[in-house]
Every structure is written in structure tokens, then in C-alpha cells.
Amino acid sequence: MAGRTRRHPAGRHRLRRLDHGAGPAGQRRVRLGQPDRAAARGARPRRGVRRCPRHAAGEGGLHGHARVLHQRRRRAGGNPRALGPPPLPRGAGRGRHDPGGHYPGEYLKEVGQAIADSDGDRWVGRPEAEWLEVFRARAVELMVLDIKRDLLGMGIRFDTFSSERALVEAGAVQRVLETLQARGLVYTGILEPPKGKTPEDWEPRPQLLFKASEFGDDVDRPLQKSDGSWTYFANDIAYHHDKFLRGSPELIDVLGADHGGYVKRMKAAVTAITGGEGSLDVKMCQLVSLFDGGKPVRMSKRAGTFVTLRDVVEAVGPDVVRFIMLTRRNDQTLEFDYQKVREHSRDNPVFYVQYAHARATSVLRHAAEALPDRDLSDAALSAVPLGSLGDPDELGLVKVLAGWPRLVESAADAHEPHRVAFYLGEVAAAFHGLWNKGKDDARLRFILPDDAETTLARMALVRATATVIASGLAVMGVQPVEELRE
RNA sequence: GCGCCCAUAGCUCAACUGGAUAGAGCACCCGCCUUCUAAGCGGGCGGUUGCAGGUUCGAGUCCUGCUGGGCGCGCCA
């Protein structure tokens, strides 16, 4: 197998580093290979924590025009045979393999159990032809519900779920094909075998092809399988066209890094099917590596030691997950240490930003006590003269805050929500710095009992800080914290 | 073999799509708690942005070629 020989040197390299007793970095990488790869190869949507939910979290909040997010899980119900023989009253297929050699994963056991619960022994001893389709439908239904529940658990709600099957049955693929044919972009031809690696079962075969090469792709791409059904690619064209027709000229796909080879042809197809009216941006997502107190969390499909997104959300809360997920570019792998994110320390970016917000609201509370006869409402503060703000650090904070509109706009344009998280870190740092300056110099404290005018100007600054942090957190779908006490 | 993504301080990562002296945190060293939350702050140390060319007034950012890593490569989703 060509893939294996190519991967081999890398594997050896890793081992060698370990043998040499490499530093923490080397070891980390070695150990990480396993869970990462397992998660990727497992290809089971909610097994392991992936980047994609993280990105969905960000974009849903960032783009009004891209708010309709889509998620398809072909895998769900893709292999109903893995459910095994008709379920027994107690847990179907537990611990055994189905005839096809598939692992009945935990999630399929749950489906089997659900069917057993509702249908009893109705399917026992019945031929596959009777139960297969029923099981498939039930599996899809339950899996989608399961996915929606997990997503809702961290505050993600999809406006639209597109069913590939429904799209095909509604004839969308057929219509798209006709459109492409009308534009002379479809023909029947024979593809060259891939260079360097010719599959053993390769044989020249005429296929229905899309002229992707006219739009920047390397070769033309097949639309139809030999059994007459559509390829994955053909269905995807229909899906993107459907989304375009629903009123979104700017399409965004969030894909795993293993789908990188798909980008060119999909962009080509979007250009072709929309007559150049639509555009497609593809965000590639790397995996998230789970750590616990600096040690990688090992996951094994066999041992059933997978940590799911739901597990993590339950452990640390949805806001922490959302924030941490957005502290990296989506195309970088993220190390998620769910010991660290619960710490109340500078190491924990969620805490750091929330602490700044809590401090700001705390100051405002104290100011209300110190100046009971003054109006500290937002409206009043926005009209306060700011001439007394003159300290370099005060002005520094003002400048950072003034950059918020531009920052959030550029993050939206670039489809890079992580910039908001980094920006909030800057705001928090500027505010914490100013706060501590008041420790050294009492005149720089926010509240000056004998100088109401300066205090009011500073309250305007503090209020603005809290507002910007709250706005940024809102973009990320995170609730600002008013108070942090033990 | 071909294609896509990536390479920035010892480590983990930024850098507002080509702008001024490339910034944070961790780690290490030195300071700061009678006073709005020290769960914090200030200072120091640390860089030929993988290598070599090119375009430009200006390049971490764009182009070419290398090196090293990830992913993929016709009826699989």
C-alpha cells in the first residue's frame, strides 16, 4: 500500500525522537500522533473533539450573511448493517462484529437499544430486506438528534440541516447537471490514471465528467458512478447550488484537513454553477488535541476511551470551550488542556478576559457607592468630558478600545474569528495594567473620592472597556462574567 | 510521482490580507500586596520569520526553487 510506505518514515522519525529522550516537545508530538490519527481515521463525527464545531461557533456569530450553517453527516446511518443482526431485547450487537467486520460503535449500540425498546422483538429473525431500511432511517434520525443535542449543549444552533438524500430525491442533482450541460461543461470521457500510483484495479472507463480544469482544477472530475448514482462531488455541487439559490452568494465551507484535496474542484464547481456570481471560501480545520494537566489524553476506539465534545462541554462549560476553540487559527492544531482552562490564572485566556470584565464592573459598582448623587448611566457617561484622561496607559487603553470596530470588521471579512479572542486579550492586558498602575500611584486609581470629574471620565473609560469586552464575547457567543469570587 | 496546507523567540502562538523598530504568554532572572479583586502588574533575557533567489519605495505576508512536516490523489464517504 503506497500510503503506508510513505507514512513510514514519519513514524520512524517520531520513534527516534522518543528514543533519544527528546524534550517535552518531542515527546508530546510522539504521543499525540496516536489519538490524533485515531480520531481522524475513526471518522466518527462526534468521537473525539474536532475543530469544526469550534469554527461553527465563531462564524455563526460573526457573519450575518453566513449565518445559515450546514452540517451533514453522511456517516450517520451510512452503514446500518453495523447494527448487526436484529436487536435482542438487551443491547443489540454488544461486543460482537457484524458480518462485514464493522465495529458496532457505542453510538450504534444506542441506536440498537432504542429500536429494541420501541419495537421489542418485532425484527428478530426477519430478513435483512425488511429491517435494513427501517434501521437506517432510525439511525439517521437518532444520530441527527444526538448531534443537535451536542451542538445545543455548547450554544450552537443550525438554522438549516440539509439532507443529501432529500436533495437527490428532489432532483436537485439532475437540475444542476442540466445547467452544467447547457453551458457545455459536462462530457463523457476517460480520465488518466493518477501519476505515480496506479491502483491495482485501475482500468480505463468512460465517465460523466465536469470540466473542472477550466476553472483552475488540475483535472476534470467525475459526476456519476458506473451504477448510475451520483458521486459525492455531484451531490455537493447540488448542495452548494441550493445554498446559493437560498440567497447566500458568499459560501463558506468548514472542512476537516483531510478534505484538502477537495477544495479546488468545489471552488471550480461553485464558480461554474453560479455563473461566477457566487464565491466559496473553505476553512480547513485541524484536530484538537486533548490534554489533561499537560499530559495528552489517550484515546482508543477499541478501549472505548474516547472523549467526546459533550464530555468536554460537561466538564468545563460551553463558554470555556467556545472561547478556547477560538484562540487559534482554524488551520492550526489546538491543544486543549481541560485542566488548565479551569485554572484561575494568567495561563487561562478565558479567565484573563473575564477577570478584566469582572474588575471593570466591580469598579463601576464601587463608583456608584462613592458618588451616590451622580448619574453613572451609559447615556450620562457618554456625555462626560474626557479631558482629564491623560496618562499614557489611559490613552493606550483608549486607543485599543477605539480599534474594536475595525478589528471586528476585518475578522468578519477574513472569516477569522480568532482575531476577536486575541484582541480581547489585548484589551484585558491594557486594563489590568492600568489597574495595577493605581497600586503604585494612588492618583491613577479609577475612583478618586475628592475628584468627581476625573472619576466620571474614568468611569466612561471603564464602562467602555466592559462594553467592548462584552461585545467581543457576544460575537463569540460567550457570556460575560460580572463577578469572580471564591 | 502529482496537488493542497503549513514552517515566526527554548516552548505554545499572534501579526488588522504589502507598511514604520516582527508582538504576547509560558519558562528563566529581578521587582511590586495598609488602599478600587496581587486569580494581577512592571522590568530583564530571548529573532538572519526553515534555506536560496526574485518582485516592490517597502515582504513574515506576493512569485520561483529547495529542505522539513501534515493531508490527499477515478465508480470512498
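In what follows, every chain begins at residue 1, and chains take the letters A, B, ... in the order their sequences are listed.
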With a 4.0 Å cut-off on heavy atoms, is [X] in touch with a base, just the backbone sugar-phosphate, or nothing at all?
{"X": "Lys437(A)", "answer": "nothing"}
{"X": "Tyr352(A)", "answer": "sugar-phosphate"}
{"X": "Asp440(A)", "answer": "sugar-phosphate"}
{"X": "Leu407(A)", "answer": "nothing"}
{"X": "Ser345(A)", "answer": "sugar-phosphate"}
{"X": "Ala370(A)", "answer": "nothing"}

Problem set entry | Toward the 5' end of RNA chain B, by each residue's nearest nucleotide, Ala442(A) or Arg221(A) |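 Looking at the nearest nucleotide for each, Ala442(A) comes out on the 5' side.
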
Residues [X] and [Y] bridged, charged N to O under 4.0 Å:
{"X": "Glu409(A)", "Y": "Arg406(A)", "result": "no"}
{"X": "Arg463(A)", "Y": "Asp378(A)", "result": "yes"}
{"X": "Arg443(A)", "Y": "Asp441(A)", "result": "yes"}
{"X": "Arg374(A)", "Y": "Glu453(A)", "result": "yes"}

Exercise. Any donor-acceptor pair under 3.5 Å linking the side chain of Arg221(A) with the backbone of Leu209(A)?
Worked result: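 Such a contact is absent between Arg221(A) side chain and Leu209(A) backbone.
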
Exercise. When syn is taken as a glycosidic angle within 90 degrees of 0, is U8(B) syn or anti?
Worked result: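 Anti, angle beyond 90° from zero.
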
Exercise. C33(B): syn or anti, with syn meaning chi within 90° of zero?
Worked result: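 With its glycosidic angle within 90° of zero, C33(B) counts as syn.
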
Exercise. Do the ring centers of Phe431(A) and Phe446(A) come within less than 6.0 Å of each other?
Worked result: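 Ring-ring flag for Phe431(A)/Phe446(A): true, centres closer than 6.0 Å.
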
Between [X] ([atom1]) and [N] ([atom2]), how many Å, whole number?
{"X": "Glu409(A)", "N": "U17(B)", "atom1": "CD", "atom2": "P", "result": "11 Å"}
{"X": "Asp281(A)", "N": "C5(B)", "atom1": "CG", "atom2": "C1'", "result": "14 Å"}
{"X": "Arg443(A)", "N": "U35(B)", "atom1": "CZ", "atom2": "C1'", "result": "15 Å"}
{"X": "Asp391(A)", "N": "G42(B)", "atom1": "CG", "atom2": "P", "result": "13 Å"}
{"X": "Asp451(A)", "N": "C36(B)", "atom1": "CG", "atom2": "P", "result": "19 Å"}
{"X": "Asn348(A)", "N": "G40(B)", "atom1": "CG", "atom2": "C1'", "result": "14 Å"}
{"X": "Leu424(A)", "N": "A14(B)", "atom1": "CG", "atom2": "C1'", "result": "14 Å"}
{"X": "Arg419(A)", "N": "A24(B)", "atom1": "CZ", "atom2": "C1'", "result": "17 Å"}

From the options [options], select the nucleotide whose nearest atom is closest to the side chain of [X].
{"X": "His259(A)", "options": "C4(B), G74(B), A77(B)", "answer": "A77(B)"}
{"X": "Lys225(A)", "options": "A77(B), C13(B), C41(B)", "answer": "A77(B)"}
{"X": "His418(A)", "options": "A15(B), C16(B), C4(B)", "answer": "A15(B)"}
{"X": "Phe422(A)", "options": "C16(B), G40(B), A14(B)", "answer": "A14(B)"}
{"X": "Phe351(A)", "options": "G40(B), C16(B), C36(B)", "answer": "G40(B)"}
{"X": "His432(A)", "options": "C41(B), A15(B), U17(B)", "answer": "C41(B)"}
{"X": "Arg445(A)", "options": "G3(B), U37(B), U35(B)", "answer": "U35(B)"}
{"X": "Tyr355(A)", "options": "A38(B), C41(B), A15(B)", "answer": "A38(B)"}
{"X": "Arg328(A)", "options": "A14(B), A38(B), U37(B)", "answer": "A14(B)"}

Complement of [N], any strand, by Watson-Crick or G-U distances under 3.5 angstrom:
{"N": "C33(B)", "result": "none"}
{"N": "U17(B)", "result": "none"}
{"N": "A52(B)", "result": "U64(B)"}
{"N": "G72(B)", "result": "C2(B)"}
{"N": "G46(B)", "result": "none"}

For this session: Look at the rings of His432(A) and Tyr355(A) and say which category their plane angle falls in: under 30° parallel, 30 to 60° tilted, over 60° perpendicular.
Result: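 Ring orientation, 0 to 90° scale: tilted.
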
What distance, rounded to whole Å, do you find between the two [atom1] atoms, one in [N] and one in [M]?
{"N": "C16(B)", "M": "A22(B)", "atom1": "P", "value": "15 Å"}
{"N": "U67(B)", "M": "C45(B)", "atom1": "C1'", "value": "31 Å"}
{"N": "C51(B)", "M": "G68(B)", "atom1": "P", "value": "15 Å"}
{"N": "C66(B)", "M": "G3(B)", "atom1": "P", "value": "10 Å"}
{"N": "G42(B)", "M": "C4(B)", "atom1": "C1'", "value": "46 Å"}
{"N": "A9(B)", "M": "C26(B)", "atom1": "C1'", "value": "12 Å"}
{"N": "A7(B)", "M": "G74(B)", "atom1": "P", "value": "28 Å"}
{"N": "C28(B)", "M": "U21(B)", "atom1": "C1'", "value": "25 Å"}

Exercise. Given Tyr232(A) and Tyr262(A), is the ring-ring contact (aromatic ring centres under 6.0 Å, His included) satisfied, shown in steps?
Worked result: CA-CA 11 Å; Tyr232(A) 186 32; Tyr262(A) 220 67; 5.5 Å; yes

For this session: Would you kindly check whether a donor in the side chain of Arg406(A) faces an acceptor in the base of C16(B), or vice versa, at under 3.5 angstrom?
Result: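 Check passes, donor-acceptor contact within cut-off.
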
So does [X] get a side-chain nitrogen or oxygen closer than 4.0 Å to the phosphate oxygens (OP1/OP2) of [N]?
{"X": "Lys439(A)", "N": "C33(B)", "result": "no"}
{"X": "Arg359(A)", "N": "A38(B)", "result": "yes"}
{"X": "Ser362(A)", "N": "U37(B)", "result": "yes"}
{"X": "Trp404(A)", "N": "C16(B)", "result": "no"}
{"X": "Arg329(A)", "N": "A15(B)", "result": "yes"}

Exercise. Under a 4.5 Å cut-off applied to non-hydrogen side-chain atoms, are Leu401(A) and Trp404(A) in contact?
Worked result: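 In short, these two side chains do not touch, never coming nearer than 4.5 Å.
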
